[in-house]
Amino acid sequence: MKKQIESADAVTRFLRSLRERNASAHTIKAYTQDLGSFSTYIGSREWREIDHVTIRGFLSHLYERGLSKTSVARSLAAVRSLYRWLAQEGMVEQKPAALVSTPKLPKKLPRVPTMEEMNSVLDGAMPETAAFPERDRLMIELLYGCGIRNSELVGIDLEQIHLKAEIILIRGKGKKERYVPFGDAVKSALAAYLPVRQTILSESRKNTPALLINQRGGRLTTRSVGRIIKKIAVAKGLSPDVHPHTLRHAFGTHMLEEGADLRAIQEMLGHERLSTTQRYTQLSMKHLLSVYDQTHPRAK
């Protein structure tokens with residue numbers, strides 16, 4: 001029992017070190033869950049007693065529970081990070097997780113709505129299913145018009161929007177900040193939404209810095225955003241697979257198709273590595289090949 005307590009204590013200290021290094025809340029939540037499962041699996045064994053065979057057994061156990069390759073790969077990443085930390089703290093000499101290969105993940109490029117499809121969603125009125133049409137239009141305009149993440153969207157406070165300069169201060173992963181420009185469509189959506197927001201806050205007697213609120217005056221959650229986006233997408237004839245991140249992908253792809261510089265897209269999306277942004281060239285290349293095949297006389 002004592003060994004299990006020591007094991008749990010090491011995981012707690014590791015997670016605390018992640019918070020101190022400004023790891024994202026999503027990463028900490030995922031690692032807490034993954035390392036909890038790993039601690040339960042190894043039971044009373046000490047960290048230094050664990051070898052790569054044990055870790056492979058843990059991954060097999062996850063597959064048997066029905067977890068996807070993506071989830072299993074994430075669990076392995078959590079165990080690897082933990083062992084790196086244990087080695088730094090002098091608690092282990094070996095890093096057995098390094099000997100276990102990551103499950104091969106399928107390289108799936110997201111199906112991105114076309115510019116015409118996005119225009120069909122945003123041109124004209126919001127569908128009747130939109131319970132708060134002014135806010136919902138602004139949400140879609142921000143996700144698609146600025147390429148921001150769902151978590152970044154719900155985190156925007158009113159003071160982060162600089163109307164005259166037409167930029168928003170976005171707080172991204174690891175508390176990194178960046179400025180993202182917005183255009184007339186977002187400006188128009190803001191003008192329609194802000195008075196309604198003020199009315200709701202006055203009637204509910206609530207005071208929140210959040211830009212996006214629900215009808216009770218509270219800050220909107222990422223889960224609510226996902227549900228609302230899907231409902232509007234379906235009502236407007238898009239695939240039910242559309243979610244907030246799909247609109248971010250559409251932003252990057254459409255910017256590239258229209259001739260935007262890859263570095264500029266990287267900056268706006270808040271990608272640390274250019275290689276992350278470069279996947280949009282694959283999406284764009286598919287579009288270019290399709291256009292070529294359909295229009296060039298020598299392609300027939």
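The basis for the numbers below is simple: all heavy atoms, side chains too, and nothing from hydrogens, waters or symmetry mates. Residues: numbered from 1 along the sequence shown.
Enclosure of atom NZ in K29 is not indicated, since only 12 or fewer non-hydrogen atoms of other residues, nucleotides or ligands lie within 6.0 angstrom. No more than 12 heavy atoms of other residues, nucleotides or ligands lie within 6.0 Å of CG in N207, so this atom counts as exposed by the packing criterion. Environment of NE2 in H162: crowded, with over 12 heavy atoms of neighbouring residues, nucleotides or ligands closer than 6.0 Å.
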Check the pair L142 / V186 against side chain to side chain contact (heavy atoms under 4.5 Å, CB included), numbers first and verdict last.
-> CA-CA 6 Å; L142 286 168; V186 169; 3.8 Å; yes

Evaluate the criterion side chain to side chain contact (heavy atoms under 4.5 Å, CB included) for residue pair R137 and Y193; output intermediate values, then yes/no.
-> CA-CA 9 Å; R137 175 180 292 281; Y193 165 71; over 6 Å; no

When you look at L220 and M139, which way does the side chain to side chain contact (heavy atoms under 4.5 Å, CB included) test go after all the steps?
-> CA-CA 11 Å; L220 209 59; M139 271 169 34; 3.5 Å; yes

S17 and E89: CA distance, side-chain angles, deciding distance, side chain to side chain contact (heavy atoms under 4.5 Å, CB included) verdict = CA-CA 11 Å; S17 78; E89 294 294 305; over 6 Å; no

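Linking Ile, Leu, Val, Met, Phe, Trp and Tyr residues whenever their side-chain heavy atoms come within less than 4.5 Å places L158 and L138 in a single cluster. Under the 4.5 Å side-chain heavy-atom criterion for Ile, Leu, Val, Met, Phe, Trp and Tyr, L122 and I228 are members of the same hydrophobic cluster. A chain of hydrophobic side-chain contacts below 4.5 Å, direct or via other Ile, Leu, Val, Met, Phe, Trp or Tyr residues, connects L238 to I232. Under the 4.5 Å side-chain heavy-atom criterion for ILVMFWY residues, a single connected hydrophobic cluster contains both I28 and L86. By the criterion of side-chain heavy atoms lying less than 4.5 angstrom apart, applied directly or through intervening Ile, Leu, Val, Met, Phe, Trp or Tyr residues, V180 is grouped together with L163 in one hydrophobic cluster.
In this structure a side-chain-to-backbone donor-acceptor pair under 3.5 Å is missing from R171 to E177. Here the side chain of R74 pairs no donor or acceptor atom with the backbone of D34 at under 3.5 angstrom. Side chain of S204 to main chain of I200: a donor-acceptor pair is present (N/O by atom type, distance under 3.5 Å, no hydrogens or angles). A donor-acceptor pair is defined here as one N or O able to donate and one able to accept, closer than 3.5 Å; such a pair exists between the side chain of D51 and the backbone of V53. In terms of modelled atom types and a separation under 3.5 Å, the side chain of Q160 and the main chain of L169 share a donor-acceptor contact. At least one donor-acceptor pair under 3.5 Å links the side chain of K230 to the backbone N or O of P240. A side-chain donor-acceptor contact under 3.5 Å links K206 to the backbone of R216.
Aromatic ring orientation, Y83 versus W47: perpendicular (interplanar angle above 60°, classes split at 30° and 60°). Taking the six-membered ring where tryptophan is involved, the planes of F58 and F38 are perpendicular, since the angle between them exceeds 60° and thus also 30°. Ring planes of H245 and H243: parallel class, angle under 30° (limits at 30 and 60°).
For the ring-ring contact (aromatic ring centres under 6.0 Å, His included) test, residues two or more places apart in sequence or in another chain that qualify with H61 are Y41.
Atom CG of L194 is separated from atom CG of L211 by 6.5 Å, given to the nearest 0.5 angstrom. Summarising the geometry, atom CG belonging to L82 is positioned 10.0 Å from atom OH belonging to Y31; distances are rounded to the nearest 0.5 Å. Between the CD atom in E134 and the CZ atom in R197 there is a gap of 14.0 Å [rounded to 0.5 Å]. For the atom pair CG of N119 and OG1 of T114, the computed distance is 8.5 Å after rounding to the nearest 0.5 Å. If you take CD1 on I168 and SG on C146, they are separated by 4.5 Å, rounding to the nearest 0.5 Å. Interatomic distance, OG of S81 versus CG of L15, reported as 10.5 Å (0.5 Å rounding).
The closest side-chain heavy-atom distance from E152 to I156 is not below 4.5 Å. F182 is listed as a side-chain neighbour of I161, based on a closest heavy-atom distance under 4.5 Å. Side-chain contact between R178 and I148 is present, with heavy atoms from C-beta onward closer than 4.5 Å. Side-chain contact between S224 and R227: present, with at least one pair of heavy atoms (C-beta onward) separated by less than 4.5 Å. Counting heavy atoms from C-beta outward, M91 and W85 have side chains that approach closer than 4.5 Å. With a 4.5 Å cut-off on side-chain heavy atoms, V112 and H254 count as touching. For the pair V79 and I50, the minimum side-chain heavy-atom distance is 4.5 Å or more.
Side chains of D9 and T12: no donor on one and acceptor on the other come within 3.5 Å.
V121 pairs with exactly one of I229, I140, V242, L247 by the side-chain contact (heavy atoms from CB on, under 4.5 Å) rule, that one being I140.
Of all the heavy atoms in R219 and A210, the pair that sits closest is CZ-CB, 3.4 Å. Nearest heavy-atom pair across I167 and P181 is CG2-CA, 4.0 Å. Nearest heavy atoms, E141 versus A185: OE1-CB, 3.4 Å. Among all heavy-atom pairs drawn from A130 and D136, the shortest one is CB-OD2, 3.6 Å. Of all heavy-atom pairs spanning P113 and T246, the tightest one is CD-CG2, 3.6 Å. For the pair R135 and L212, the tightest heavy-atom approach, listed with the atom from each and the gap, is CG-CD2, 3.8 Å.
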